[in-house]
Amino acid sequence: MTTSLNELETQLAALKEEATKAIATADTLDQVEQLRVKYLGKKGQLSQVLGGMGKLPAEDRPRIGASANEVKNLLQDNIEQKRKDLQDALIQAQLEAETLDVTMPAVYRPQGRMHPLNSTIDRVVDIFVGLGYTVATGPEMETDYYNFEALNTPPDHPARDMQDTFYLPDGNLLRTHTSSVQIRYMENNDPPIRIVAPGRCYRRDTIDASHSAVFHQLEILAVDEGLTFTDLKGTIKVFLEELFGEELPIRFRASYFPFTEPSAEVDVQWKGKWLEVMGCGMVDPNVFKSVGYDPEVYTGFAAGFGVERLALVLHEIDDIRRLYNSDLRFLQQF
Ligand code: DAH
């Protein structure tokens, strides 16, 4: 059987057309590879067509050989191009799948916040630490001695009537103020002293919008040689300006506390009203005697204030009870 040049050229043309279409419609790299084997492989269709070349007259062979090479190059190019296109598409798809959309809303996780009482304590402590003070603490269950007696408040002193105290069956009590920390600290430390003492206090108060049986105070105490009322005033002024963030009018009113002499109460002008924010004074010599300090050598000043009162003012809260109710609608505002 002879094969004519025409026949081979027809076969080549058919092969070219079929293979070109098949390659164009392939849509996976596997399919492309299968097509390569099918058309260009050792036992592929192109080889089979070329197998017929041997039966052609010698002078026809170069022509058909050239045509076959053309087809082969064309199919190879198409396959290469197709591979590249499919690979690019794969990379593109992967890039799209892995792209982060930074404009997407984040997954919301509820976040805890500082309680306004704690943040108020932190702010005050920060201010005094900035002035060189050290934080001191003491127990909430106190003895009569630390809460009253050492603070120049003897058993029959009228000041005890000012504070309705929770007495415990064993004779101890729940401290009515943080002033007890003054005594404990001075017993264990020598002057010079500068402390700020935050803590919880207890009084037999009927609960209402401005009173709570459990509340918080911050105490400060400074003891050194030569401290005067001017140092007290300056310290309080700097503190209140730092806390309220502006130069507020403040005034000192003469007052009475058993553990200070002279004593004063401090008011700040807040929204057009004078508001009492703390008690203070020069440490009474009898208090120094009870801790073994020589009142002829040392003087000192002390102050104590209610954290709740400061928090109400700073955050414009109308009722002290909101600070204890754990109502999330309230707490989430801070
Ligand atoms: N302890 C007083 C109270 O609870 C407040 C106070 C007044 C503290 C004068 C002081 C002070 O340190 O010097 O009402």
Side-chain angles (χ1 to χ4, degrees), residues 120-136 151-153 159 162 177-183 185-186 189-199 201 216-289 291 293-314:
T120 303
I121 291 172
D122 278 7
R123 277 175 71 176
V124 172
V125 166
D126 272 0
I127 294 170
F128 280 105
V129 166
L131 293 172
Y133 285 62
T134 307
V135 177
L151 285 160
N152 197 36
T153 320
M162 282 161 51
H177 52 189
T178 43
S179 302
S180 52
V181 182
Q182 292 187 28
I183 305 300
Y185 193 85
M186 286 191 284
N189 296 274
D190 292 324
I193 281 173
R194 286 181 183 37
I195 53 164
V196 53
C201 305
H216 300 75
Q217 283 193 339
L218 275 144
E219 190 84 11
I220 63 158
L221 171 70
V223 182
D224 209 336
E225 290 179 39
L227 285 181
T228 67
F229 201 86
T230 309
D231 298 305
L232 167 61
K233 271 189 103 167
T235 303
I236 297 305
K237 195 166 178 302
V238 166
F239 160 62
L240 290 175
E241 282 170 12
E242 285 270 324
L243 186 66
F244 290 101
E246 57 192 290
E247 235 187 274
L248 280 182
I250 64 176
R251 72 178 181 196
F252 285 70
R253 263 186 301 108
S255 184
Y256 170 75
F257 299 100
F259 32 89
T260 43
E261 181 57 35
S263 303
E265 280 174 311
V266 184
D267 302 333
V268 297
Q269 205 168 56
W270 181 254
K271 294 186 186 283
K273 285 195 296 195
W274 286 108
L275 192 78
E276 183 201 319
V277 289
M278 67 174 80
C280 62
M282 300 307 290
V283 178
D284 192 288
N286 284 336
V287 173
F288 283 152
K289 281 182 200 157
V291 296
Y293 286 7
D294 184 350
E296 298 298 322
V297 178
Y298 296 110
T299 53
F301 60 81
F305 35 94
V307 177
E308 279 78 357
R309 166 61 68 90
L310 292 180
L312 294 194
V313 172
L314 285 172

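Note that these values count all heavy atoms, side chains included, but never hydrogens, waters or copies made by symmetry.
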_Reported CD-to-CG distance for the pair Glu225 and Asp294, which is rounded to 0.5 angstrom_ = 10.0 Å
*Can you check whether Gly199's main-chain N or O pairs, donor with acceptor, with Gln217's side chain at less than 3.5 Å?*
no
*Give me the ring orientation class for Tyr298 and Tyr293: parallel if the planes are under 30° apart, tilted from 30 to 60°, perpendicular past 60°.*
tilted
*Could you list the residues that satisfy salt bridge (Lys or Arg N to Asp or Glu O under 4.0 Å) with Glu261, not counting sequence neighbours?*
none
*Nearest non-hydrogen partners of Thr260 and Cys280, listed with the distance*: OG1-O, 4.0 Å
*Run through Ile220, Leu221, Ile121 and flag the one making a side chain to side chain contact (heavy atoms under 4.5 Å, CB included) with Val196.*
Ile220
*Identify the two heavy atoms, one from Gln182 and one from Ala302, that lie closest to each other, and give their separation to 0.1 Å.*
NE2-CB, 3.4 Å
*Considering residues at least two apart in sequence or located in another chain, which fulfil the salt bridge (Lys or Arg N to Asp or Glu O under 4.0 Å) criterion with Glu265?*
Arg253
_Whether Arg194 side chain and Leu131 backbone form a donor-acceptor pair below 3.5 Å_ = no
*Close side-chain approach of Val277 to Leu310, heavy-atom, < 4.5 Å*: yes
*asked:* As an exercise, state the distance from CD1 of Ile250 to NZ of Lys237, rounded to the nearest 0.5 Å.
replied: 6.0 Å
*Where do Ala303 and Ile236 come nearest, in terms of heavy atoms and distance?*
CB-CD1, 4.1 Å
*Kindly indicate, with the supporting measurements, whether the criterion side chain to side chain contact (heavy atoms under 4.5 Å, CB included) is fulfilled by Leu275 and Arg309.*
CA-CA 9 Å; Leu275 192 78; Arg309 166 61 68 90; 3.9 Å; yes
*asked:* Keeping Asn152 on the side-chain end and Val287 on the backbone end, is there a donor-acceptor pair under 3.5 Å?
replied: no
*Kindly determine whether Phe244 and Leu314 satisfy side chain to side chain contact (heavy atoms under 4.5 Å, CB included), including the steps that lead there.*
CA-CA 7 Å; Phe244 290 101; Leu314 285 172; 3.9 Å; yes
*Determine whether Leu240 and Val266 make a side-chain contact, defined as any pair of heavy atoms from C-beta on separated by less than 4.5 Å.*
yes
*What distance separates Thr299 OG1 from Leu232 CG, expressed to the nearest 0.5 Å?*
11.0 Å
*Indicate yes or no: at least one non-hydrogen side-chain atom of Glu276 is less than 4.5 angstrom from one of Asp267.*
yes
*Centroid-centroid distance, Phe259 to His177, less than 6.0 Å*: yes
*Rounded to the nearest 0.5 Å, what separation is found between the CG atom of Leu243 and the OG1 atom of Thr120?*
8.0 Å
*Do you know which two heavy atoms are closest between Ser180 and Leu151, and how far apart they sit?*
N-CD1, 3.9 Å
*Distance-only, no hydrogens or angles: does the Ser263 side chain make a donor-acceptor pair with backbone N or O of Phe257 under 3.5 Å?*
yes
*Could you walk me through whether Ile127 and Glu242 pass side chain to side chain contact (heavy atoms under 4.5 Å, CB included), step by step?*
CA-CA 7 Å; Ile127 294 170; Glu242 285 270 324; 3.6 Å; yes
_Taking the side chain as everything from C-beta on, heavy atoms only, tell me whether Val124 gets closer than 4.5 Å to Phe305._
yes
*Mind checking the NE2-OG1 spacing from His216 to Thr178? Nearest 0.5 Å is all I need.*
11.0 Å
*Any side-chain heavy atom of Pro249 within less than 4.5 Å of one from Trp274?*
yes
_Check: Lys233 and Phe301 side chains under 4.5 Å, non-hydrogen atoms_ = no
*Write down the atom of Met282, the atom of Leu227, and the distance for their closest heavy-atom approach.*
CE-O, 3.6 Å
*asked:* Please check: side-chain N/O of Thr230 versus main-chain N/O of Thr228, any donor-acceptor pairing under 3.5 Å?
replied: no
*For residues Pro198 and Val135, determine if any side-chain heavy atom of one lies less than 4.5 Å from a side-chain heavy atom of the other.*
yes
*Hey, do the aromatic rings of Phe239 and Tyr133 have their centres closer than 6.0 Å?*
no
*asked:* Using side-chain heavy atoms (C-beta onward) and a distance below 4.5 Å, is Thr235 in contact with Phe128?
replied: yes
